[in-house]
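See below for the structure under consideration.
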Amino acid sequence: MISTVLVANRGEIACRVFRTCRELGIRTVAVHSDADENALHARVADAAVRLPGAAPADTYLRGDLIVQAALAAGADAVHPGYGFLSENAGFAQAVLDAGLVWIGPPPAAIEAMASKTRAKQLMGLKPLTDVTETDLPVLVKAAAGGGGRGMRVVRELADLPRELEAARAEAQSAFGDGEVFVEPYVEGGRHIEVQILADTHGTVWALGTRDCSLQRRHQKVIEESPAPGIPQELTHELHELAVRAARAVDYTGAGTVEFLVEEGTGKAHFLEMNTRLQVEHPVTEAVFGIDLVALQICVAEGIPLAADPPHARGHAIEARLYAENPAADWTPQTGTLHRLAVQAEGVRLDTGYADGDTIPVHYDPMLAKAVVHAPTRAEAIRKLAGALERTTIHGPITNRDLLVRSLRHTEFTTATMNTAFYDRHLPHLTEQTPDPHAPLAAALSDAHGRSRFGGWRNVPAQPQRKRYATPDGKEHEVTYHHTREGLTAEGVRVVHADASLVVLEVAGVRRKFEVTRYADQIDVNITTLTPLPRFPDPTPQHAPGSLLAPMPGTVVRVAEGLTTGTPVKAGDPLLWLEAMKMEHKITAPTTGTLTALHVVEGQQVEVGTLLAVVS
């Protein structure tokens with residue numbers, strides 16, 4: 001029987017594994033980088049071990065240090081989580097060689113399936129080698145890992161060498177393995193996967209299907225189970241293929257077999273087998289009423305599974321809440337997460353953050369996963385969209401509004417979506433619609449308690465003015481009056497106003513605005529506002545054509561041959577920043593000449609750092 005588990009991971013997945021361990025009476029050990037010293041997963045574990053390393057993003061790739069940490073903390077088992085070393089056969093073998101229990105598949109099975117190139121060969125498929133025009137478009141993929149890292153769609157043959165180089169660099173950074181390969185890119189298919197679970201006694205479960213078609217940058221955003229609109233015969237075919245893949249490598253533990261299903265024909269293309277737990281595993285847990293982490297532990301202890309899996313019931317949907325700005329090329333956001341709270345019953349929130357935690361630049365920007373289960377798909381959609389709409393999120397910009405709109409979009413509600421969903425609909429889904437009365441509520445809240453004679457004026461009728469900016473960069477000016485009767489504003493009736501609550505009657509309808517103030521922002525219901533000075537600075541801070549860093553990160557590449565005086569065209573890539581384990585391309589805003597280049601490869605930059613000037 002396992003008594004103490006070290007989780008070789010961080011954030012949300014470590015916290016999720018710890019939760020099951022506590023329920024089973026198992027002691028927990030966390031590992032952390034210097035950047036994660038005060039992270040939630042390090043705080044909630046029974047013990048935590050620091051992993052030394054100069055680069056926080058690479059710390060969790062040091063298998064030797066993780067094994068040492070397990071032995072030092074008295075752990076007798078290691079759970080890999082997902083990402084990092086979870087699909088590294090060498091790390092699994094090192095854990096076993098140290099006399100520890102590995103809560104995962106055998107190293108040989110990882111070796112066979114964790115490399116997507118070897119997995120395809122095992123399934124009778126071959127990656128492309130000599131790509132020609134007739135093969136386009138193609139997809140460049142990392143052979144190790146997943147999560148969309150190291151993936152590039154190539155539509156022009158001339159772009160292939162550059163995208164191969166970029167994919168190798170990103171894969172090496174994320175997984176410690178720069179191997180990539182090329183395969184045909186199926187436009188507009190549906191991403192369907194099968195959860196499997198196998199024990200050491202020959203039993204293999206195929207646990208339904210999941211649809212993960214809503215993706216950005218090849219990373220899943222919304223997942224559900226069962227996959228809607230999939231014929232029973234196709235479900236049966238996918239189950240058989242998944243079980244066959246597992247048996248082919250004597251698989252044990254939890255894993256996922258992924259397919260791309262063509263629209264129209266329904267033909268299924270094998271993509272890969274992930275030899276680990278997936279981010280989206282909670283929807284399978286909800287539908288089948290099981291705990292996959294608990295079952296992973298049982299399998300590792302040699303306990304046999306039942307001959308047949310449990311029966312599925314109802315429908316489950318998961319939405320990934322990211323600290324990112326979808327309207328600005330999915331730019332990740334950092335800073336303080338002041339508050340994250342779901343204001344609805346029956347919603348499972350898996351997160352690695354607590355109120356007041358800092359979102360670091362070194363890791364994936366996912367804040368949490370919100371999961372609901374209901375008797376039908378329509379009920380699950382309504383429940384999750386409503387819960388997200390009411391969720392309190394104070395801090396950096398998130399994709400919450402995008403998630404709500406995606407769930408309510410006709411293509412999603414009618415199950416006609418595919419992997420090109422955001423390619424088609426992103427502009428519409430990211431239109432900014434801040435509450436028009438939120439700035440007024442913020443101003444009235446701020447004015448509460450102040451004397452109406454606090455700012456003496458020659459003209460008593462002159463209104464008070466306040467200016468705020470919304471996350472889309474737009475400025476909003478509001479006016480109000482202090483009168484003998486209290487605070488008033490044109491077009492509304494002020495029913496109540498204090499520091500934390502403003503009630504306005506608008507066109508006969510009474511509305512409540514909850515106001516929370518922080519050092520750098522004001523949150524009014526779900527609208528975030530930044531107070532602006534009354535008189536804006538008339539002098540420009542940067543010359544026209546200046547390119548500023550949209551996020552903190554590292555300059556990983558500068559375009560070949562780019563120097564001061566180089567002519568550039570609008571949209572030309574100038575340099576690449578790496579932040580949160582992803583590369584972000586910085587392009588020329590206009591056609592002109594590069595008149596200044598202020599950074600070099602390897603340089604760390606903060607938000608707003610001047611990178612280059614094109615004029």
Side-chain angles (χ1 to χ4, degrees), residues 16 20 82 105 113 146 189-199 203-215 220-247 251-261 266-296 298-299 305-320 348 350 369-381 383-384 412 415 417-419:
R16 186 266 170 274
T20 289
Y82 51 75
M113 282 295 189
R190 286 181 63 184
H191 191 128
I192 309 295
E193 59 189 33
V194 176
Q195 174 74 58
I196 61 167
L197 188 70
D199 64 17
T203 299
V204 181
W205 287 356
L207 295 166
T209 55
R210 295 192 291 247
D211 190 307
C212 308
S213 297
L214 264 63
Q215 304 176 3
K220 301 159 189 173
V221 176
I222 295 176
E223 303 104 341
E224 58 183 311
S225 182
I230 297 295
Q232 187 59 41
E233 56 270 22
L234 178 56
T235 298
H236 182 69
E237 176 189 347
L238 297 180
H239 279 192
E240 284 191 334
L241 287 170
V243 171
R244 191 182 88 192
R247 293 195 184 280
Y251 197 84
T252 61
T256 303
V257 184
E258 303 197 357
F259 304 90
L260 197 60
V261 177
K267 181 180 178 181
H269 298 264
F270 171 80
L271 288 178
E272 62 196 49
M273 179 175 178
N274 291 301
T275 55
R276 54 177 168 83
L277 208 58
Q278 295 274 88
V279 180
E280 58 273 20
H281 75 273
V283 294
T284 297
E285 292 182 322
V287 167
F288 285 90
I290 57 176
D291 183 332
L292 283 169
V293 173
L295 289 169
Q296 282 184 297
C298 287
V299 168
L305 298 171
D308 297 309
H311 294 292
R313 56 180 183 82
H315 201 93
I317 306 180
E318 170 183 296
R320 302 190 193 188
R348 169 177 167 177
D350 285 9
K369 305 179 310 193
V371 189
V372 300
H373 180 258
T376 66
R377 183 174 189 264
E379 290 172 288
I381 291 173
K383 185 176 180 180
L384 183 55
F412 187 80
M417 68 288 183
N418 57 40
T419 55

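What you see is a predicted model, and the numbers here were worked out from it, not measured in a lab.
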Least distance between heavy atoms, [X] atom then [Y] atom:
X: P228; Y: D211; result: CD-CB, 3.9 Å
X: Y251; Y: A198; result: O-CB, 3.2 Å
X: P282; Y: V371; result: CB-CG2, 3.9 Å
X: I317; Y: H315; result: CG1-CD2, 3.8 Å
X: A380; Y: V372; result: O-CG2, 3.4 Å
X: R313; Y: A286; result: NH2-O, 3.8 Å

Chi angles and distances behind the side-chain contact (heavy atoms from CB on, under 4.5 Å) call for M417, L214:
CA-CA 7 Å; M417 68 288 183; L214 264 63; 3.4 Å; yes
Just by modelled atom types, is the [Y] backbone N or O under 3.5 Å from a matching donor or acceptor in the [X] side chain?
X: E240; Y: E237; answer: no
X: W205; Y: L305; answer: no
X: S225; Y: T209; answer: yes
X: K369; Y: V279; answer: yes

Quick one: pull up [atom1] in [X] and [atom2] in [Y] and give me the separation to the nearest 0.5 Å.
X: I196; Y: L241; atom1: CD1; atom2: CG; result: 12.0 Å
X: L384; Y: I222; atom1: CG; atom2: CD1; result: 7.0 Å
X: T20; Y: D291; atom1: OG1; atom2: CG; result: 3.5 Å
X: Q296; Y: T252; atom1: CD; atom2: OG1; result: 10.0 Å
X: F270; Y: L238; atom1: CZ; atom2: CG; result: 12.0 Å
X: Q278; Y: Y82; atom1: CD; atom2: OH; result: 9.5 Å

Would you kindly say whether [X] and [Y] are connected by a side-chain donor-acceptor distance under 3.5 Å?
X: R276; Y: T256; answer: no
X: Q195; Y: H281; answer: no
X: N418; Y: S213; answer: no
X: Q232; Y: H236; answer: no

How would you list, by chain and number, every residue that makes a side-chain contact (heavy atoms from CB on, under 4.5 Å) with I230, sequence neighbours excluded?
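Per chain and number, I230 pairs via side-chain contact (heavy atoms from CB on, under 4.5 Å) with R190, I192, A227, L234, T235.
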Test side-chain contact (heavy atoms from CB on, under 4.5 Å) applied to H191 and E258, step by step
CA-CA 7 Å; H191 191 128; E258 303 197 357; 2.8 Å; yes
Any residue meeting salt bridge (charged side-chain N to carboxylate O under 4.0 Å, His left out) with R348, in chain and number order, not counting sequence neighbours
E285, D350
Applying salt bridge (Lys or Arg N to Asp or Glu O under 4.0 Å) as the test, list every pair that has at least one member in residues 221-235; sequence neighbours left out.
E223-R320, E224-R377
Any side-chain heavy atom of M113 within less than 4.5 Å of one from E272?
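No - every pair of side-chain heavy atoms lies 4.5 Å or more apart.
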Electrostatic pair R210-E318, nearest N-O below 4.0 angstrom:
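Looking at E318 together with R210, the answer is no, because their closest N to O distance does not fall below 4.0 Å.
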What verdict does the side-chain contact (heavy atoms from CB on, under 4.5 Å) test give for L207 and I290, after you've listed the backbone C-alpha separation in whole Å, the side-chain angles of each residue and the deciding distance to 0.1 Å?
CA-CA 10 Å; L207 295 166; I290 57 176; 3.8 Å; yes
Verdict with supporting geometry, H239 and V194, side-chain contact (heavy atoms from CB on, under 4.5 Å)
CA-CA 7 Å; H239 279 192; V194 176; 3.9 Å; yes
